[in-house]
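Below: the structure, in structure tokens.
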Amino acid sequence: MSVIRVRFAPSPTGYLHIGGLRTALYCYLFARSQGGKLVLRIEDTDRTRFVEDAEDDIVQNLARCGLDVDESPMLGGPYAPYRQSERQNLYRKYAESLVDSGHAYYAFDSSDSIAELRKRNKAYDASTRLQMDNSLTHPKEVVSMRLESGEEYVVRLCVPEDVTIQFDDLIKGAVKVDSANIDDQVLIKSDGMPTYHLANVVDDHHMAITHVIRGDEWIPSTPKHILLYQAFGWQLPAMAHLPLILSPTGGKLSKRSAQRQGIPINVSDYLSKGYEPQAVMNFLALLGWNPGTEDEVFTLEELVSTFSLERVGSAPAKFDLDKLNWFNAQHLRRLDIEVLLERVRPFLEEHGIAVQDAYIQKVCLLVHDRLQHAKDLATNFSYCFVDPVTFDPKGVKKRWKSDAASLVNDYSTRLDALTSFNEDALEFELRDLAASRKVGAGRIIHPVRLAVSGTTAGPGLFALLRVLGQHTCVRRLRNAVTKLG
RNA sequence: GCCGCGUUCGUCUAGGGGUUAGGACGCCGGCCUUUCACGCCGGUAACACGGGUUCAAAUCCCGUACGCGGUACCA
């Protein structure tokens, strides 16, 4: 059996978005799980919507997510080039062969006459093509003359009148469409570029693609592609159409709707917000696929080994940010401390926090399990790096009683005198102080936490004090005593 | 409008003729912790509707509704 080849074929009309990433992920998982190859093909045939740096963005973010490809425009490969704009001659050749074999024709209609046709609620198909201005309605000599004179034209597929086109989708099952519902598709545009339909079929065949994995929105176009495969006498690759991702309210997950709901849309946004690539992959994988077990947290590698197309569902799925956040916390927690350090550092820098790696590591160890996002260290736990400037008013009201100042002050004196700043000593001093002042330990613990962090929540107090260090603790305690009185 | 695809807790989903309809996120409670989080335990909540088929239907069939997609010289 021949090697499995899958392609991810984005068009560079925008940056890589979360939906595109999911398609890429499924392509990747399938290819890798089958020991096959993954091809990145850039479908840049729409010159009007072309975005200069989109291809770069797509390539980079795919890589950042760990989705490495085997063949691509920059990597090259046995079927290069991998940019459709660089393969124009191929499409033209095949379009002409289709005209020769009677499966396509040249059309010269003006956009006005086509608009007119549609206004009459007519399709450009078997029912109307003979009324139009094309190579079916003019003598051969006239057509070649017009062609040679440089007149603008398109090549259209001659869709057969009344056939049922059927295919078996690996995900959706049997899909049937009547050719009467299909227009004579434009294959070559008047600017000489192929349309998606032609380029896609020609390239998939020439690049020996065995499995077409793409979004749901292509199902209605698949019969057109099948017609092309048949006209060329080529074997149809296996088809797998993935259900779409919907916005949380059910609509299309567009840039607009996503933004309105606080959902990042571009992959680079997720990454720059500090989402773990693995968490995003994990979340996306389970949006439409399930392993058939009750396991939920997977690395990319584990996904590869359990993935199968058969377990992809056919219903669209709504995007759920809460779940993504949960996955993020799960993956963050599984990170080695060295890796976590790398994740967290950019956010510390962003917040103007410049400290030694060794110290950041200590803090990471301390709060590892309390992090949902890499940025949390710089925000929720900023007190690990800078003295608190404010004290949570509710906390003060609840914990800073009349004796707090004197207790905290006494504790600071004891800490100052400590020769070994370890947790046991810290705890002993506190409890000993509590006993001598005849108060419960909590009477000191809470004000101390407040004094040192500005909040009432956080890691175990003695571990926190240890990490902060002697000088910082004493300074903060005394500072709080003056400020809170 | 026409064509296509879909519909199990709020969300992601398992299951697929006879189940107490399972798990996860979220939410709520409890335990742990003199804090908070993690963790653990428990709770909440679903087969869109109507007809068939069948001894039996959430599961099969047909309709309806709703959602999404397509209907471009966009992909």
Side-chain angles (χ1 to χ4, degrees), chain A residues 9-14 20 43-49 84 107 109 111 114 118 121 123-124 152-156 169 171-173 175-178 180-183 185-197 199-200 214-224 241 243-252 283 286-297 311 313-327 329-330 333 367-372 376 380 395 398-399 434 440-446 448-450 453 455-461 464:
Chain A
S11 96
T13 53
E43 309 217 324
D44 54 349
T45 56
D46 185 347
R47 300 204 307 222
T48 59
R49 293 199 304 156
Q84 289 187 328
D109 312 84
S111 50
I114 292 190
R118 307 246 186 248
N121 218 335
Y124 202 133
E152 278 204 348
Y153 69 93
V154 301
V155 176
R156 281 184 182 270
D169 191 276
I171 293 168
K172 306 280 180 176
V175 179
K176 236 190 262 186
V177 176
D178 200 313
N181 297 311
I182 305 173
D183 269 27
Q185 295 298 306
V186 169
L187 265 19
I188 299 281
K189 302 185 258 189
S190 58
D191 67 356
M193 278 287 187
T195 56
Y196 173 90
H197 306 298
N200 192 257
R214 79 232 294 194
D216 227 346
E217 74 271 25
W218 289 108
I219 289 185
S221 294
T222 305
K224 305 166 189 171
H241 287 95
L244 262 23
I245 300 180
L246 271 25
S247 97
T249 48
K252 189 175 160 189
F283 167 70
L286 292 206
L287 215 53
W289 169 85
N290 76 84
T293 64
E294 287 184 350
D295 298 330
E296 296 233 72
V297 181
R311 295 205 67 87
S314 58
K318 290 180 187 136
F319 191 98
D320 180 5
L321 222 131
D322 279 338
K323 193 111 182 191
L324 205 214
N325 288 334
W326 178 78
F327 276 117
Q330 295 299 316
R333 227 161 272 149
V367 301
H368 204 164
D369 284 352
R370 290 154 208 274
L371 262 27
Q372 188 171 58
D376 292 348
N380 300 355
K398 187 171 178 195
R399 303 296 195 187
R443 199 80 177 176
I444 310 174
I445 288 176
H446 295 298
V448 167
R449 171 184 300 288
L450 198 56
S453 72
T455 82
T456 57
L461 180 66
L464 173 62

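Note that these values count all heavy atoms, side chains included, but never hydrogens, waters or copies made by symmetry. Below, chains carry the letters A, B, ... as their sequence lines are ordered, and counting in each starts from 1.
- The separation of G69(B) from C74(B), taken at their C1' atoms, amounts to 15 Å, rounded to a whole angstrom.
- Rounded to whole angstrom, the span from the NZ atom of K252(A) across to the P atom of G67(B) amounts to 17 Å.
- Rounded to whole angstrom, the span from the NZ atom of K318(A) across to the P atom of U11(B) amounts to 5 Å.
- Taking the six-membered ring for Trp and thresholds of 30 and 60 degrees, H197(A) and W218(A) have ring planes more than 60 degrees apart, a perpendicular arrangement.
- Between D109(A) atom CG and A72(B) atom P the separation is 14 Å, expressed in whole Å.
- Separating the C1' atom of G17(B) from that of C9(B) is a span of 23 Å, rounded to the nearest Å.
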Check nucleotides 2-9 of chain B for protein N or O atoms closer than 3.5 Å to its own N or O atoms and list the pairs.
{"unit_1": "C5(B)", "atom_1": "O2'", "unit_2": "K172(A)", "atom_2": "NZ", "d": "3.0"}

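- Considering only heavy atoms from C-beta on, D44(A) stays 4.5 Å or farther from S11(A) through its side chain.
- Residues Y196(A) and D46(A) have side chains that never bring a donor and an acceptor to within less than 3.5 angstrom of each other.
- The partner of A46(B), taking Watson-Crick or G-U wobble pairs whose two distances both stay under 3.5 Å, does not exist in any strand shown.
- Comparing the C1' positions of U19(B) and A58(B) gives an interatomic distance of 11 Å, to the nearest angstrom.
- Rounded to whole Å, the P atom of C60(B) lies 30 Å from the corresponding atom of G43(B).
- Within 4.0 Å (heavy atoms only), S11(A) reaches sugar-phosphate atoms of the nucleic acid but no base atom.
- Remark: P of G70(B) and CZ of R118(A) are 16 Å apart, rounded to the nearest angstrom.
- When the C1' atom is compared between G30(B) and U8(B), the two are found 30 Å apart, to the nearest whole Å.
- Within a 6.0 Å radius of NZ in K252(A), no more than 12 heavy atoms belonging to other residues, nucleotides or ligands are found.
- Proximity of R156(A) to the phosphate of C73(B): a side-chain N or O atom is located under 4.0 Å from OP1 or OP2.
- Comparing the C1' positions of G50(B) and U7(B) gives a spacing of 15 Å, expressed to the nearest Å.
- Going from atom NE2 of H197(A) over to atom P of C73(B) covers 9 Å, rounded to whole Å.
- The side chain of R49(A) approaches C74(B) more closely than any other nucleotide in the set C12(B), C74(B), C73(B).
- Taking the side chain of D46(A) as heavy atoms from C-beta on, and the options A75(B), G22(B), C73(B), the nearest nucleotide is A75(B).
- G313(A) comes within 4.0 angstrom of no nucleic acid atom, judged by non-hydrogen atoms across all strands.
- T195(A) is listed as a side-chain neighbour of V186(A), based on a closest heavy-atom distance under 4.5 Å.
- In the model, H241(A) has a side-chain atom that pairs as donor or acceptor with a side-chain atom of D169(A) under 3.5 Å.
- Note: CG (N325(A)) to P (C27(B)) measures 11 Å, nearest angstrom.
- Distance D322(A) CG to C27(B) P: 7 Å, rounded to the nearest Å.
- Applying the Watson-Crick and G-U wobble criteria (two distances, each under 3.5 Å), C25(B) pairs with G10(B).
- Among the protein residues, P243(A) comes within range of no part of the nucleic acid, since none of its heavy atoms lies under 4.0 Å from any strand.
- G215(A) comes within contact range of no nucleotide atom at all, as no heavy-atom separation falls under 4.0 Å.
- Here R311(A) lies in heavy-atom contact (under 4.0 Å) with sugar-phosphate atoms only.
- Residue contacts shown for T45(A) are limited to sugar-phosphate atoms, with no base heavy atom under 4.0 Å away.
- Partner assigned to A72(B) is none, using Watson-Crick or G-U wobble distances below 3.5 angstrom.
- C61(B) and G1(B) are spaced 28 Å apart, taking the C1' atom of each and rounding to whole Å.
- Residue G250(A) is classed as a sugar-phosphate contact, given heavy-atom separations below 4.0 Å to backbone atoms only.
- C5(B) is paired with G67(B) under the criterion used here, namely a Watson-Crick or G-U wobble arrangement in which both key atom distances are under 3.5 Å.
- Taking the P atom of each, C3(B) and U13(B) are spaced 29 Å apart, rounded to whole Å.
- Here the C1' atom of nucleotide A72(B) and the OH atom of Y196(A) are 15 Å apart, to the nearest Å.
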All N/O pairs under 3.5 Å across the protein-nucleotides 37-39 of chain B interface:
{"unit_1": "C38(B)", "atom_1": "O3'", "unit_2": "R333(A)", "atom_2": "NH1", "d": "3.3"}

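- Closest to the side chain of L246(A), out of A75(B), C68(B), G23(B), is C68(B).
- Closest approach of I182(A) to P223(A), counting heavy atoms only: CD1-CB, 3.7 Å.
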